[in-house]
Undergrad: 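Take this structure, written in structure tokens, and hold onto it; I'll ask about it next.
When a residue number appears, it is its place in the shown sequence, counting from 1.
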Amino acid sequence: MMKFSLSTKVMLIYGTVFLVIITLTFGLSYTGTVGKLENDLNDTNLALLKQVDQKIEVTFRQTEKDLLTLMNDLEFVYFMYDSYRDDGQKYSNFYGLNTKLRDFINTNPQFSSIFVYSAVSGHLLTDKAYIKDTPLIHNWLGDYLDMPVYLKWLTTHQISDGNANKDVITLVRPYPTISSPEYRKGMVAVNINEKVIYDMVNAVYEDRKIGHLFIIDSDGNIVTHDDKTQIYRNIKELPHLKSVLSRKGSGTYTGELDGVRQSIFYRDSNYTGWKLISIMPESQIYEPLRVTRNLLIVLAVSMIFLVLIVLFYVSRWTFKPLHQLIGKISGTYHFTHAQERKDTGLTYLESVFDQLLLDREHLEQHVRDSKPVMKWRVMMDMLLGYRTDYWAVLHHLEFVGVHLFPERYLVCTAEISKEGMDLRTPDETLYTYVFCNVAEELINSENAGMAIDVGGGRAAVIFSFAEGNAEQNHMRALAIMELILDKMKKQFNLVVTVGVGRGYREMKDIPKSYDESQKALHYKIVFGPHAVISIEDLQPLDSQDYYRLLRMVDRITDALKLTDSVKLEAYVQETFREAMDRNVSPDLIRQLSFDLIVKSVQSVSSTGIDLNESMSQLESMYERINRSGNLKEMERFVFLFLEEMSSKIKAKRSQRGSNDTIERILIYIGDHFQENDLSLDRLAQEFHLSSTYISKQFKEYTESNFIDYLIGIRMNASQQHLAETDMKVNEIAEAVGYQNTRSFIRIFKKYTGTTPLEYRTQLQMENSNELSLECD
């Protein structure tokens, strides 16, 4: 039996296969290549249209953004509302606004001009001129006051800038920027020269010398055209354009124009609604296809001859590197005796490649196993301040499966132990791992966060909140940590002590919160084990009168959300009476009034009320409060404003539909809030729903998340116990669902501004004063 070498075997096998493949491939290419290349050419032309569309959209969106930024300036408010103290302020405002318009045009070379029209005064201001009581010939902006949209791009038209008429494309926006027609005070328009748009098109098709490219709007009006004589022409009645206007999206079709077969490419702009059209003669487009087809035939014949040469003359020299490869691999991979190769043939190569694939699987497994280590490294870098940019660390967080919000962070440090015994190092690691899993499960049910083992039986937890100020988020973190401690105690009989830092807005401040949490944890010797120790528990109370008054604002905003006019009025009166009793200066009282109004407006934003009207009233409130001559007058202005806000909340809620599931959940909470293990997970089990779904529906219906709502219910019940019973503070804490009295006192103080004993003392003093007045 004849024995062939490896090179001979490969030559015979692959040489035959190669010849068959070449013959079949180039035999089919004659019919198959033309269609594929035709699709490629079509895709190329459509890609060019897409590139033009993207360039125009980027420019137009930047124009819109720049215009919105400019319209936020205060000079626009005075001009649009025609509201000035005197002529001096008026002309000063005109000069300032005109300067900004000129700077706006000068720093944006693509802009031709800008027009600002006040419907209140009828005045028109441009970057070059000011026209009082605009005549009809210039008052073209007034025609768009009632347009049903917030912005509109106008097809190419002519306007005069004072020197000459120019062909421009115009962006028109109302003022205020998001307002319905009946509330609009004016219009602003920025003009872009038509040549700027055409230059964008020409930059993409700079080497094109055949066909035509142009843009039309939905009515068939030409926006820009490489033949400038076509501008302002409406071409929707042309037969081939009727077909284009009836089609949506992007595509191509063929038609006959002036006796010549043409390919027509079109694309809809999602942003402007315009159509980009490219028309090219088919003879010019498909000329490369014919050339390519002929070249393929020549190449096929050449390749066949080349294969024959390789097979019969140089095949052994061709496969010589294969022998060298086998020799190198045989020196790299070593097998057991059972796997020992008997020759350096293809069987051995197959074994080597199997080993390579196995190594790749091991590498993938190693990457999966290393994710916890990567998570630990990323979080430690955040805690130590090595990673301070959220967007730079985002892809690392996504890789390890962690979700954090871009801002609002708070750090806790936990120490895990077991009552009555010293834990061994393996047990510490296991229990810390359990704590981290429990913490992440409870945190991520409503917020976001991550937890890691930092060694020595300690864990670090990063909270991330989607909303709320630092104080609200601090309270949420305390409540969640109490739930975690309770779960660890009941399910694992573990003693956990937690130090809680302050909340901060940016990721770069995470190390501050981490240091504060560690500092709080040092006070375990004072507060005892299995407790949540806040850094704020270690700080002295702020004695400044103004900040004490400012803390009383929270009660007012809560009464506003509840639309309780009686409490609202009582709290406002009490706040101003406290300010008067403490002899706070008039300037600070005015500042308190402004802060109270602004904070109240912000607090009801979650109800879905349109704040534009309320914010527009702040200017008049600012003037009224500044003009107020006495405290009672300020108090009256503030209460009337808040009462109006309360009416709007009532009207908004009356339009909202009912939610039977959440109503039943609210009843359940009212019946079981005294139980310390009440949580989203328990509600999910009770009502057979996911905790995420309950959290979302609860927030939409009650305008509050679950933790805040539960805290409010418990605090109201505790206030009632303090007012109506002689129960001790620890008894009240247990009666409203808190196992830890210190935690109850801390949350009560954050909620009311006083400790439970101070609250009861104040009630007793008020009652005794009322009795004294009745006796007198």
Undergrad: Return the set of residues passing salt bridge (charged side-chain N to carboxylate O under 4.0 Å, His left out) with D453 (not counting sequence neighbours), or none when no residue passes.
TA: none
Undergrad: Has the side chain of S464 got a donor or acceptor atom that lies under 3.5 Å from a matching backbone atom of F405?
TA: yes
Undergrad: Only counting residues at least two apart or in another chain, list the ones meeting side chain to side chain contact (heavy atoms under 4.5 Å, CB included) with K418.
TA: M421, L423, Y431, N493, L494
Undergrad: Using the side chain to side chain contact (heavy atoms under 4.5 Å, CB included) criterion, which residues pair with T725? Sequence neighbours excluded.
TA: H721, M727, R760
Undergrad: Using the test side chain to side chain contact (heavy atoms under 4.5 Å, CB included), find all partners of E675 that sit at least two apart in sequence or belong to another chain.
TA: H672, D677, R682
Undergrad: Please report, to 0.1 Å, the donor-acceptor pairs under 3.5 Å made by any side chain of residues 440-451, with sequence neighbours excluded.
TA:
unit_1, atom_1, unit_2, atom_2, d
E440, OE1, K375, NZ, 3.3
E440, OE2, K375, NZ, 2.5
E440, OE2, A451, N, 2.9
N444, OD1, G449, N, 3.1
N444, ND2, E440, O, 2.8
S445, OG, L442, O, 2.7

Undergrad: Sequence neighbours left out, what passes salt bridge (charged side-chain N to carboxylate O under 4.0 Å, His left out) with E415? Give chain and number order.
TA: R458, K524
Undergrad: Could you grab the distance from atom OG of S565 to atom CZ of F639, nearest 0.5 Å is fine?
TA: 6.0 Å
Undergrad: Checking L763 now: which residues fulfil side chain to side chain contact (heavy atoms under 4.5 Å, CB included) with it, not counting sequence neighbours?
TA: A723, Y759, E766
Undergrad: Quick one: list whatever passes salt bridge (charged side-chain N to carboxylate O under 4.0 Å, His left out) with R61, sequence neighbours left out.
TA: E57
Undergrad: F463: what forms a ring-ring contact (aromatic ring centres under 6.0 Å, His included) with it, not counting sequence neighbours?
TA: F465
Undergrad: Among pairs that include at least one residue of residues 726-745, which meet ring-ring contact (aromatic ring centres under 6.0 Å, His included), considering only residues two or more places apart or in two chains?
TA: Y738-F744, F744-F748
Undergrad: Who passes salt bridge (charged side-chain N to carboxylate O under 4.0 Å, His left out) against R387, sequence neighbours left out?
TA: D381
Undergrad: With F673, which residues qualify under ring-ring contact (aromatic ring centres under 6.0 Å, His included), at least two apart?
TA: none
